[in-house]
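Naming convention: chains lettered A, B, ... in sequence-line order (proteins, then strands); numbering from 1 in each chain. Predicted model only: the values in this text are computed from it and were never measured.
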Protein chains: 2
Amino acid sequence: MMTQSRKRGAISPKQAARRRAPLDAMLDAGRFKALGDPTRVRLLACLAKCGRACGVTEIAECCAVDLSVVSRHLSLLRRAGLLEVEKQGRIVLYSVRYGDWAEALRALADAIEACCPAGARCGGGRCGC
Amino acid sequence: MMTQSRKRGAISPKQAARRRAPLDAMLDAGRFKALGDPTRVRLLACLAKCGRACGVTEIAECCAVDLSVVSRHLSLLRRAGLLEVEKQGRIVLYSVRYGDWAEALRALADAIEACCPAGARCGGGRCGC
DNA sequence: GATATACTTGCATGATGACGCAATCACGCA
DNA sequence: TGCGTGATTGCGTCATCATGCAAGTATATC
């Protein structure tokens with residue numbers, strides 16, 4: 001039988017730092033940084049709600065910023081894996097990678113809960129458990 | 001019968017900007033900005049993998065930055081709703097809100113897929129659909 | 001009350017990044 | 001080939017932010 005001191009997951013932060021977990025691969029600051037700018041998030045939400053592939057000029061109409069700014073933001077969102085791009089003549093069509101994005105978020109959610117010593121749904125995060 | 005032109009969700013970005021969706025509430029740039037810094041993410045992952053409530057000094061041991069920096073980062077992560085705090089004497093205990101965080105991510109995933117005209121799992125995000 | 005421990009806050013500095021303008025590139029069309 | 005539209009890139013500027021040091025606050029112990 002397991003003693004109380006040998007509780008699952010109860011280690012020091014220093015030990016935890018060396019321990020590899022699925023969480024590490026998914027918590028890449030670079031990917032989240034893309035979602036950390038208001039203008040960028042607005043463009044992304046706009047495109048997501050739009051529900052189809054759109055050109056840069058078209059997307060720019062939903063935001064009061066220069067076209068060059070929109071172009072840069074979209075490019076960054078693509079590099080972050082949130083958008084995909086397709087050229088159609090001289091028009092650059094951006095579209096949301098709905099499936100990949102949602103899947104990545106769920107995988108992160110799973111990885112987080114895998115770290116929780118009480119397992120999934122431990123009640124509002126109060127995990128002194 | 002529905003004609004091809006009356007496809008679900010196929011609107012312009014400008015129209016999409018005015019349309020309210022569950023996605024809007026969940027795509028708050030401020031919350032993501034908290035995850036956009038390498039040091040902050042490292043501290044968070046450290047605490048998550050640790051699996052228990054930890055003091056600031058203890059957490060600081062897993063990162064080569066000043067204690068004041070750690071204190072500020074943890075405070076910011078708390079304001080972002082990712083951590084919770086509890087004072088125990090002179091020690092400030094931070095712990096990860098596993099449940100809330102995972103739940104928020106899944107809700108965002110759902111909101112994203114709700115925007116996808118083809119519904120959930122449309123295959124790698126290629127949604128010209 | 002004095003001292004030590006645990007943490008927070010003020011301040012200066014350096015780095016990163018968002019923005020607009022202008023120039024340039026890419027492609028279609030006459 | 002020249003022109004117009006759509007998009008990207010270079011550059012300067014301004015704001016934000018991460019960091020460390022130093023000073024201050026809070027709590028436990030002697």
Side-chain angles (χ1 to χ4, degrees), chain A residues 12-14 27-47 50 52-80 82-96 128, chain B residues 12-14 27-47 50 52-80 82-96 128:
Chain A
S12 78
K14 205 167 185 176
L27 272 184
D28 178 24
R31 303 190 64 180
F32 288 106
K33 205 177 283 185
L35 291 166
D37 179 72
T39 305
R40 214 146 46 213
V41 162
R42 186 163 176 191
L43 290 167
L44 181 58
C46 213
L47 191 55
C50 170
R52 60 176 175 83
C54 297
V56 178
T57 304
E58 200 180 8
I59 300 170
E61 285 173 6
C62 76
C63 236
V65 288
D66 195 83
L67 181 67
S68 68
V69 172
V70 175
S71 173
R72 263 187 279 252
H73 279 318
L74 293 173
S75 172
L76 195 151
L77 288 168
R78 191 194 63 78
R79 283 196 301 274
L82 297 166
L83 299 182
E84 63 182 352
V85 72
E86 184 191 1
K87 286 200 76 171
Q88 202 169 76
R90 59 185 160 180
I91 298 181
V92 177
L93 289 170
Y94 280 97
S95 50
V96 176
Chain B
S12 79
K14 205 167 185 176
L27 271 184
D28 178 24
R31 303 190 64 180
F32 288 106
K33 202 178 285 184
L35 291 166
D37 180 73
T39 306
R40 213 146 46 213
V41 162
R42 185 161 176 193
L43 289 168
L44 181 58
C46 213
L47 190 55
C50 171
R52 59 175 175 85
C54 298
V56 178
T57 304
E58 201 181 6
I59 300 170
E61 285 174 5
C62 75
C63 236
V65 289
D66 195 83
L67 181 67
S68 67
V69 172
V70 175
S71 173
R72 263 188 279 253
H73 279 318
L74 292 174
S75 172
L76 194 151
L77 287 168
R78 191 194 63 78
R79 283 196 301 273
L82 297 166
L83 299 183
E84 64 182 351
V85 72
E86 184 191 2
K87 285 201 76 172
Q88 203 170 77
R90 59 185 161 183
I91 298 181
V92 178
L93 289 171
Y94 280 97
S95 51
V96 176

Sequence-distant partners of [X], side-chain contact (heavy atoms from CB on, under 4.5 Å), two or more places apart:
| X | answer |
| --- | --- |
| B:Val69 | B:Val65, B:Asp66, B:His73 |
| A:Arg72 | A:Ser68 |
| A:Arg42 | A:Cys63 |
| A:Leu93 | A:Ala53, A:Gln88, A:Ile91 |

Any side-chain N or O of A:Ser71 less than 4.0 Å from the OP1 or OP2 oxygen of D:dA7?
->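 So the side chain of A:Ser71 is outside the cut-off, no N or O lying under 4.0 Å from OP1 or OP2 of D:dA7.
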Give a yes/no answer on whether the side chain of A:Tyr94 brings an N or O atom under 4.0 Å of OP1 or OP2 in D:dG6.
-> no
Sequence neighbours left out, what passes side chain to side chain donor-acceptor pair (under 3.5 Å) with [X]? Give chain and number order.
| X | answer |
| --- | --- |
| B:Arg90 | none |
| B:Thr39 | none |
| A:Arg79 | A:Ser75 |
| A:Thr57 | none |

Would you give a per-nucleotide map of nucleotides 23-30 of chain D, 5' to 3', where B means the base has a protein non-hydrogen atom under 4.0 Å away, S means only the sugar-phosphate does, and - means neither?
-> ---SBS--
Quick one: how far along DNA chain C does chain B reach, first to last nucleotide 5' to 3', anything under 4.0 Å to a heavy atom?
->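 So the outermost contacting nucleotides come out as C:dA4 to C:dC11.
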Length of the CG-P vector between A:Leu77 and D:dA7, whole Å =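 It works out to 16 Å between those atoms.
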Given atom CG of A:Leu74 and atom C1' of D:dT8, what is their separation to the nearest angstrom?
-> 12 Å
Is the shortest heavy-atom distance from the side chain of A:Leu83 to the side chain of A:Leu44 under 4.5 Å?
-> yes
Taking the side chain as every heavy atom from C-beta outward, state whether B:Leu82 and B:Leu35 have any pair of such atoms under 4.5 Å apart.
->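 Sidechains of B:Leu35 and B:Leu82: in contact.
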Specify the residue among B:Ser68 and A:Val92 whose closest nucleotide of DNA chain D lies further upstream toward the 5′ end.
->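 Looking at the nearest nucleotide for each, A:Val92 comes out on the 5' side.
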Please step through side-chain contact (heavy atoms from CB on, under 4.5 Å) for the pair B:Asp28 and A:Val41, ending with a clear verdict.
-> CA-CA 8 Å; B:Asp28 178 24; A:Val41 162; over 6 Å; no
Quick one: do A:Leu47 and A:Ser95 satisfy side-chain contact (heavy atoms from CB on, under 4.5 Å)? Show the steps, please.
-> CA-CA 7 Å; A:Leu47 191 55; A:Ser95 50; 5.5 Å; no
Would you check if the side chain of B:Arg40 reaches a backbone N or O of B:Lys33 as a donor-acceptor pair within less than 3.5 Å?
-> yes
Selection: residues 54-62 of chain B, any non-hydrogen atom under 4.0 Å of DNA chain D = none
Distances under 3.5 Å only, N/O to N/O: pair up the protein atoms with those of nucleotides 15-19 of chain D.
unit_1	atom_1	unit_2	atom_2	d
D:dA18	OP1	B:Arg40	NH1	3.2
D:dA18	OP1	B:Arg40	NH2	3.0
D:dA18	OP2	B:Arg40	NH1	3.4
D:dT19	OP1	B:Thr39	OG1	2.5
D:dT19	OP2	B:His73	NE2	2.4

